[in-house]
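Comments concern the structure below.
Quantities reported herein were computed from a predicted structural model and do not represent experimental measurements. What's counted below: heavy atoms across the whole structure, side chains too, no hydrogens, waters or symmetry copies. A, B, ... follow the sequence lines: proteins, then strands. Residue 1 opens every chain.
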Amino acid sequence: MSDTPIDGYRPDVVEAKWRARWAERGTNNPDMDHPTRPFYNLMMFPYPSAEGLHVGNMFAFTGSDVYGRFKRLMGYDVFEPIGYDAFGIHSENYALKVGINPAELIPRNIANFRRQLERIGGMFDWRHELSTTDPAYYKWTQWIFLQLFKAGKAYKKKAGVNWCPNDKTVLANEQVEGGRCERCGALVEQRFLEQWFFRITDYADRLLRNLDTIDWSETTRTAQRNWLGRSEGAEIEFPVVAGDSNVERGTRNAEPIRVFTTRPDTLFGATFMVLAPEHPLVAGLTTPAQQAEVVAYVKASMAQDLVSRKVGDREKTGVFTGALATNPATGTRIPVWIADYVLMEYGTGAIMAVPAHDQRDFEFARKFGLQIVRVLAPADSASSALPALSEAETETHGYVLVNSGRFNGLPADEGKSAITAWLAAEDRGNPVVQYRLHDWCISRQRYWGPPIPIIYCDSCGPVAVPEKDLPVILPLIEDFRPDDSGVSPLARHEEWYYVPCPTCGRRARRETDVSDTFLDSAWYYLRYPSTDFDDRPFDPVRTRTWCPVTTYIGGNEHAVLHLLYSRFLGMVLHDLGHLHFDEPFTRFRAHGLIVKDGAKMSKSRGNVVIPDEYIAQWGADTFRMYLMFLGPLQEGGDFRDAGINGPRRFLERVWTLVGEVEAGGELTKEIVVRWHATKKKVAEHIEGLHYNTAIAALMELVNHMKEAGCRDRDMVQDLVVMLAPFAPHFAEENWERLGNQGSVFAAGWPKWDEKLVVSDEIEVPVQVNGKTRSKVRVPRGSDEATVLAAALADPAVQKFVAGKVVRKVVYVPDRLINLVVA
RNA sequence: GCCCGAGUGGCGGAAUGGCAGACGCAGCGGACUCAAAAUCCGCCGGGGGCAACCCCGUGCGAGUUCGACUCUCGCCUCGGGCACCA
């Protein structure tokens, strides 16, 4: 009986005990007002789905938590908040599916998320928990809208928008994938509706430039650069022929057509022009003879959705307007066409078509029998013989201008600047920078979001809701189903819809659109430190103390949307004097994905793993260690539950080790070196988010201790501290078992002695002709002669050197010696 | 099509241009046990050899180097993003 261990490792007991202690003692709550070394450790907050957090979420949260806990041990006051991104189409669609109001559904989901997040042992400061659906939160989302509205950064315009006929709402361009709704997969159509936009394009240049100043994952920065889509080129004016010929043809409008091109070097090859069907000049240009055809084409292309129009491999279509324009370089008269491959929302909505050097123009010219003139040729080709093209020649490197008058012979890139300069001198064009980025459409004709705080008055126009009247509460309505009208269901709720005008007091109507979920999440990091203030969105002192976010970890699926919008809003709020910084996230790292059987986890694949049962069976600490041991945080890993044994066995071993400690024993030099080296190595690995190798280093130390029969108390204690970021409950319990008071997180990361990190005697591999043949033991820092002598004395080396001449010796101190023989 | 990222044992994965396969899983052998589990010890890329050892080996093909998983060039495959953006 007495030899039965009564203190075996019981994760459930240990974890429940420490969850309660942390809550009771406020272990995870930093001093918000007087931190000595504030560190804002942020993880992208989750959308509280009905299914709960899956293993992929747990991987990400734990990854962020390990880092926060590590920083805590390194002596920082770490603020690690958590909240819920609970508004949006996703929640609403689910609510529609199950027929329960999201206002009822969401709190349930949140409760489940909270339970899971507590169970996994996150170092969250629950005092600052938030949900975007809380009026105390969205009051300030509305306030932010008003700041942008007042600053002229929010505006309303009628816009061709992506309309999902199934979700019955407008979608942002970002929510359309391959012509289909990102959420439901329905084919998206084009509709024209009044929409609210934020002027993010005003910030395109700054959003791009600042990318060089922030410490972000390179993949994320690249994604943002591509999304911003900067191109340099020229805007060029093509006069519409106003002379007799056009008058005869019946063209009434002689306003010039402006085009944007990135290839001014090919100007001499522009043999026709194409306008987008929606282009305002189309009506005026069209000749009576072409009228019927043009009108029919415009109508047909408007009926299409915005997205399927943009599918690149479609057969080209278009019609001739009857008008002619003049190529400003050649003076030639060229026909003006309309075609839907030219998009109104990019550039000027009109192009000069250079079929010889642009594939789209080439296809169009082929189909409609338009002229193709080559104006670039390989520098080494005979100028006389230019064969007909079978596809557009888009290469520029090594190409020179031909058929381009006085620019002939110039390399393409020089031609670009020369022609642009000439156009500018002639006042027919100028250099221009274009961005692919569009303004951010923030309105949604839906129910489950913060109402946009605007009131429409017949006499005063659109009026901002006074800030004292915020929040505009989202009313709880029975029928939140969107309909086909293009108007939010809120319009059907009359006592909410009609309000007195804040300016004149007459009966007016509320804006019924709600704002995009991305607006909620674009500023939540600002709210966290200030959730205890209800009279301001973010307290200036708190914000100055904690922001910008020190380290942000999240998924790369938000590389362009959320992260770009947050940056934009940061810039706006900075420029309006609300923030002392304009980049919200100093350091951002994208975590990888957890895959299951080689495939991304998703509901549709049916391979989503729910962590609860694993945590119940193995404990949160084992599960955390297992997830972190799978692979590098930034790369993700393959979830196979067989491997969870490993970390559990390891924790058991450490548990046993703690029970066997003895103080003051003699330590071998070797084990001391390993001990110090591990303290350093693990810290470095965690800092670099290489948690898998950090854990491996701890395992190695334990293996060596067992091998050496070492049960040194100090060493075991350091081991427990180093385990704390990964297995926090376990570490707390063992810290206590070792006789310590208080939290292990107050202990600080174990100090290492730089002199003891490396041993005095080392093994140097000996290579002969680059192949390792032996190793020699020499004192650290030995010079070449010493190591060479030792190497040559080694029989294993002699075997390969005997009878040969050593031509060269490469010696890398303390690393390797290579003998080159022949 | 363009832009990122990645290809290493049966599996997850390690390796500032310097001992390829750390650490772990699975597997095999052994100890303990009436037995099993747990635990502990050993083996564990392929080929050859009784053995000491030797040869081959990091998606494929070249190259740079005393030395290449690592750098360069050209391919192949997979994952992700963008895409009629002028």
Side-chain angles (χ1 to χ4, degrees), chain A residues 8 177-178 217-223 225-227 229-231 233 259-263 266 270 274 276 309-314 316 339-343 345-354 357-361 363-364 394 434-438 556-557 559-560 590 592-593 595 598-600 625-626 629-632 634-647 649-650 652-653 656 690 692-700 702-703 706 763-775 795-796 799 807-812 814-821:
Chain A
E177 277 173 5
S217 296
E218 194 48 46
T219 51
T220 312
R221 290 198 292 187
T222 305
R225 279 191 199 103
N226 292 343
W227 190 262
R230 182 180 199 271
S231 344
V259 302
F260 171 73
T261 179
T262 54
R263 297 293 305 279
T266 62
V274 187
R309 226 182 104 171
K310 297 186 189 177
V311 174
D313 47 10
R314 262 166 72 235
K316 295 281 176 292
D340 66 4
Y341 81 91
V342 174
L343 308 172
E345 67 277 11
Y346 184 77
T348 60
I351 61 156
M352 64 176 207
V354 185
H357 305 291
D358 181 285
Q359 188 57 29
R360 297 154 299 181
D361 299 346
E363 286 163 18
F364 195 81
T394 54
Q434 272 289 333
Y435 290 90
R436 206 190 68 101
L437 180 74
H438 301 316
N556 222 10
E557 68 272 21
V560 283
L593 292 176
V595 299
K600 184 176 164 178
M625 291 211 49
Y626 166 65
F629 193 55
L630 275 178
Q634 294 181 79
E635 282 165 39
D638 198 347
F639 187 89
R640 22 184 75 245
D641 41 12
I644 200 166
N645 264 333
R649 276 184 210 150
F650 173 66
E652 295 274 8
R653 264 173 227 145
T656 308
H690 300 294
N692 54 334
T693 49
I695 293 171
L698 292 171
M699 288 173 165
E700 277 180 83
V702 170
N703 290 346
K706 291 188 61 130
E763 276 194 332
V764 175
V766 182
Q767 294 186 340
V768 179
N769 288 343
K771 291 194 173 182
T772 305
R773 298 301 184 181
S774 187
K775 298 167 202 180
K799 209 163 86 185
R807 305 221 152 184
K808 187 172 173 183
V809 175
V810 180
Y811 178 59
V812 184
D814 298 339
R815 302 281 330 208
L816 166 142
I817 186 161
N818 186 14
L819 313 180
V820 185
V821 302

Name the closest nucleotide to the [X] side chain, picking from [options].
X        : options             : result
A/Thr772 : B/A86, B/C82, B/A20 : B/A20
A/Arg360 : B/C85, B/C66, B/G24 : B/C85
A/Asn818 : B/G67, B/C19, B/A86 : B/G67
A/Arg815 : B/G18, B/C23, B/C40 : B/G18

Using the 3.5 Å cut-off, write out each protein N or O paired with an N or O of nucleotides 44-47 of chain B and the distance between them.
none

Ring centroids only, cut at 6.0 angstrom: are A/Tyr626 and A/Phe639 within range, meaning strictly under it?
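Yes, the ring centres sit under 6.0 Å apart.
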For nucleotides 50-59 of chain B, 5' to 3', base contacts (B), sugar-phosphate-only contacts (S) and non-contacts (-) with protein non-hydrogen atoms under 4.0 Å give ---SSSS---
Expected string for nucleotides 3-15 of chain B under the B/S/- scheme (protein heavy atoms, under 4.0 Å, primed atoms plus P, OP1, OP2 as sugar-phosphate) is SS------SBSS-
Syn or anti for B/G9, please, going by whether the chi angle lies within 90° of 0.
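Syn conformation for B/G9.
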In plain terms, say whether A/Asp340 and A/Arg314 are close enough for a salt bridge, that is, a side-chain N and a carboxylate O under 4.0 Å apart.
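Looking at A/Asp340 and A/Arg314, the cut-off is met.
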Do A/Glu218 and A/Arg225 meet the salt-bridge criterion of a basic N to acidic O distance under 4.0 Å?
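Looking at A/Glu218 together with A/Arg225, the answer is yes, because their closest N to O distance falls below 4.0 Å.
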Applying side-chain hydrogen bond (donor to acceptor under 3.5 Å, both in side chains), can you list everything that pairs with A/Thr220, at least two apart in sequence or on another chain?
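Here the qualifying residues are A/Asn556.
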Atom pairs under 3.5 Å, N or O on each side, protein against nucleotides 25-30 of chain B: can you list them with distances?
residue : atom : partner  : partner atom : Å
B/C25   : OP1  : A/Arg649 : NH1          : 2.6
B/A26   : OP1  : A/Asn645 : ND2          : 2.9

Judged by each residue's nearest nucleotide on RNA chain B, which is more toward the 5′ side, A/Glu763 or A/Leu437?
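The residue mapped nearer the 5' terminus is A/Glu763.
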With sugar-phosphate meaning primed atoms plus P, OP1 and OP2, does A/Val342 contact a base, only sugar-phosphate, or nothing at under 4.0 Å between heavy atoms?
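Touches a base.
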Looking at A/Lys808, I'd like to know whether one of its side-chain N or O atoms comes within less than 4.0 Å of OP1 or OP2 on B/C66.
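Affirmative; the distance criterion is met.
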Sequence neighbours left out, what passes side-chain contact (heavy atoms from CB on, under 4.5 Å) with A/Arg807? Give chain and number order.
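So A/Arg807 forms a side-chain contact (heavy atoms from CB on, under 4.5 Å) with A/Ala822.
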Would you please classify the geometry between the A/Phe364 ring and the A/Tyr341 ring as parallel, tilted or perpendicular, with 30° and 60° separating the classes?
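A/Tyr341 vs A/Phe364 ring planes: tilted.
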